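Here is the structure we will look at, set down as structure tokens.
Every chain is numbered from 1, with letters handed out A, B, ... down the list of sequences. This one's a predicted model, so the numbers in the text were calculated from it and none came from an experiment.
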Protein chains: 2
Amino acid sequence: MEASFEGLKQELKKRDINLSYQRLKVLEYLTLNRCHPTVDQIFTNLHRDIPTLSKTTVYNTLRILQEAGLIKVVTIEDNETRYDIDVEDHGHFKCKLCGKIYDFHTDMSSLTFDDLSNFRIDSKDVYFKGICPGCLSNIKENKRRG
Amino acid sequence: MEASFEGLKQELKKRDINLSYQRLKVLEYLTLNRCHPTVDQIFTNLHRDIPTLSKTTVYNTLRILQEAGLIKVVTIEDNETRYDIDVEDHGHFKCKLCGKIYDFHTDMSSLTFDDLSNFRIDSKDVYFKGICPGCLSNIKENKRRG
DNA sequence: ATTCTATTTTGTAATCATTACAGATATATA
DNA sequence: TATATATCTGTAATGATTACAAAATAGAAT
């Protein structure tokens with residue numbers, strides 16, 4: 001687990017971001033928890049290991065990592081900003097019932113759209129919403145039982 | 001302008017939403033201002049005509065209209081919830097420089113993605129970010145002038 | 001038109017996420 | 001080790017949104 005630390009350090013150095021214990025820990029958390037955590041989740045979990053950790057530091061770190069292109073912000077819902085270590089193009093599906101966010105692979109280049117040739121497109125995000133298989137089967141189960 | 005009121009009333013009645021002056025005005029504002037306004041923009045503008053209007057009412061109304069499927073929430077940015085009267089599938093492009101949000105037509109059905117056949121997909125959103133033509137030419141202009 | 005009931009609106013207070021800021025701490029360099 | 005710089009921390013401030021109760025309004029019944 002601590003082994004990947006070296007790799008993360010390289011990533012930060014490559015981008016001229018000074019390494020600090022807090023920054024490495026945030027990055028490590030995102031690497032190990034690919035569930036698109038919120039700031040609060042990150043803070044609460046890291047706080048167990050680092051009792052002096054401040055939420056401000058988590059915010060600052062996430063901003064720096066995002067500006068460096070190491071992480072992506074997921075704004076699929078308006079009341080909860082989430083963070084994703086996977087910066088490759090992919091889609092996000094949010095289940096309305098359990099709230100879980102699922103990754104799915106999509107080929108963004110397959111998407112046809114109006115002529116935007118005079119626009120400089122830097123990023124593309126695809127967000128789906130609906131109900132996941134687990135919650136769907138729960139619904140069916142409840143119906144059967146009445 | 002007031003002529004479209006009748007049409008909007010029908011829309012509300014069809015969905016069992018009681019009509020009130022405030023609700024009609026919010027809906028009318030969104031119909032006439034298709035720039036994906038924020039709550040604050042809607043409130044500030046309507047407040048000129050309706051001095052007693054409360055921001056809470058704007059929030060309540062937007063929630064009701066959204067639940068009825070009459071409007072869509074645009075969460076392309078994490079710090080500003082925006083509202084769109086156009087509920088048909090289409091993409092949103094946000095310019096990083098001027099902040100303006102542009103609509104563009106896309107064919108969502110052209111997008112290829114992983115097997116989600118066990119998921120119930122209710123909505124699809126496509127968000128692009130980058131720089132719009134106007135801001136791009138401003139950049140060029142500034143460079144030329146040094 | 002008047003009364004009654006249910007719904008909606010309003011305004012304030014509470015909540016929650018995020019940012020600003022300044023002092024304390026840690027890091028890198030000489 | 002001393003010094004300068006960058007980072008972290010904790011509190012306070014901000015801004016968006018929600019909760020809530022009283023006031024106002026709309027629609028139905030008389």
Whether the A:Asn142 and A:Arg145 side chains hold a donor-acceptor pair (N or O, under 3.5 Å, no angle test) is what I'd like checked. no

Between atom CG in A:Asn18 and atom P in D:dT7, what is the gap in whole Å? 5 Å

In whole angstrom, what separates A:Leu24's CG from D:dC8's C1'? 14 Å

How many whole angstroms separate atom NE2 of A:His47 from atom C1' of D:dG10? 11 Å

Return the value, rounded to whole Å, for the distance between atom CZ of A:Arg23 and atom P of D:dT9. 11 Å

Based on the rotation axes of five pairs at each end, what angle does the helix from C:dA1-D:dT30 to C:dA30-D:dT1 bend through, to 10°? 30°

Students often mix this up, so state it plainly: with edges at 30° and 60°, are the rings of A:His47 and A:Phe43 parallel, tilted or perpendicular? tilted

For the CD atom on B:Glu141, are there more than 12 heavy atoms of other groups (residues, nucleotides or ligands in this structure) within a distance under 6.0 Å? yes

Listed in order of residue number, which residues of residues 61-87 of chain B have a non-hydrogen atom at under 4.0 Å from DNA chain D? B:Thr81

Run B:Phe119 and A:Tyr102 through ring-ring contact (aromatic ring centres under 6.0 Å, His included) and show every step you take. CA-CA 11 Å; B:Phe119 289 69; A:Tyr102 297 82; 5.2 Å; yes

How would you summarise protein contacts on nucleotides 19-25 of chain C per nucleotide, using B for base, S for sugar-phosphate only and - for none, with heavy-atom distances below 4.0 Å? BBB----

Would you say the side-chain atoms of B:Arg34 pair up with the backbone N or O of B:Asp86, donor to acceptor, closer than 3.5 Å? no

Give the cluster check for B:Tyr21 versus B:Tyr29: same hydrophobic cluster or not, with ILVMFWY residues linked at side-chain heavy-atom distances below 4.5 Å. yes

A:Lys100, NZ atom: more than 12 neighbouring heavy atoms under 6.0 Å: no

Is there a side-chain contact between A:Ser54 and the phosphate of D:dC8, meaning an N or O under 4.0 Å from OP1 or OP2? no

On a heavy-atom basis, which atom in B:His36 and which in B:Asp84 lie closest, and how many Å separate them? CD2-OD2, 3.4 Å

Contact class for A:Thr57 (heavy atom, under 4.0 Å): base, sugar-phosphate, or nothing? base

In whole angstrom, what separates A:Leu19's CG from C:dA26's C1'? 13 Å

Regarding A:Arg82 and A:Glu77, does a basic nitrogen lie under 4.0 Å from an acidic carboxylate oxygen? no

Whole Å only: how far is the NZ atom of A:Lys25 from the C1' atom of D:dC8? 17 Å

Geometric class of the B:Phe128/B:Phe104 ring pair [parallel <30°, tilted 30-60°, perpendicular >60°]: tilted

Salt bridge check: are A:Lys72 and A:Asp125 linked by an N-O gap of less than 4.0 Å? yes

In whole Å, what is the span from the CD1 atom of B:Ile42 to the P atom of D:dA16? 13 Å

Carboxylate-amine/guanidinium contact B:Asp40 B:Lys55, below 4.0 Å: yes

Ignoring backbone atoms, establish whether A:Thr52 has a side-chain N or O less than 4.0 Å from OP1 or OP2 of D:dT9. yes

When the distance from CG of A:Leu46 to P of D:dT9 is rounded to whole Å, what number comes out? 11 Å

May I ask you to evaluate whether B:Gln22 reaches the phosphate of C:dT10, defined as a side-chain N or O under 4.0 Å from OP1 or OP2? yes

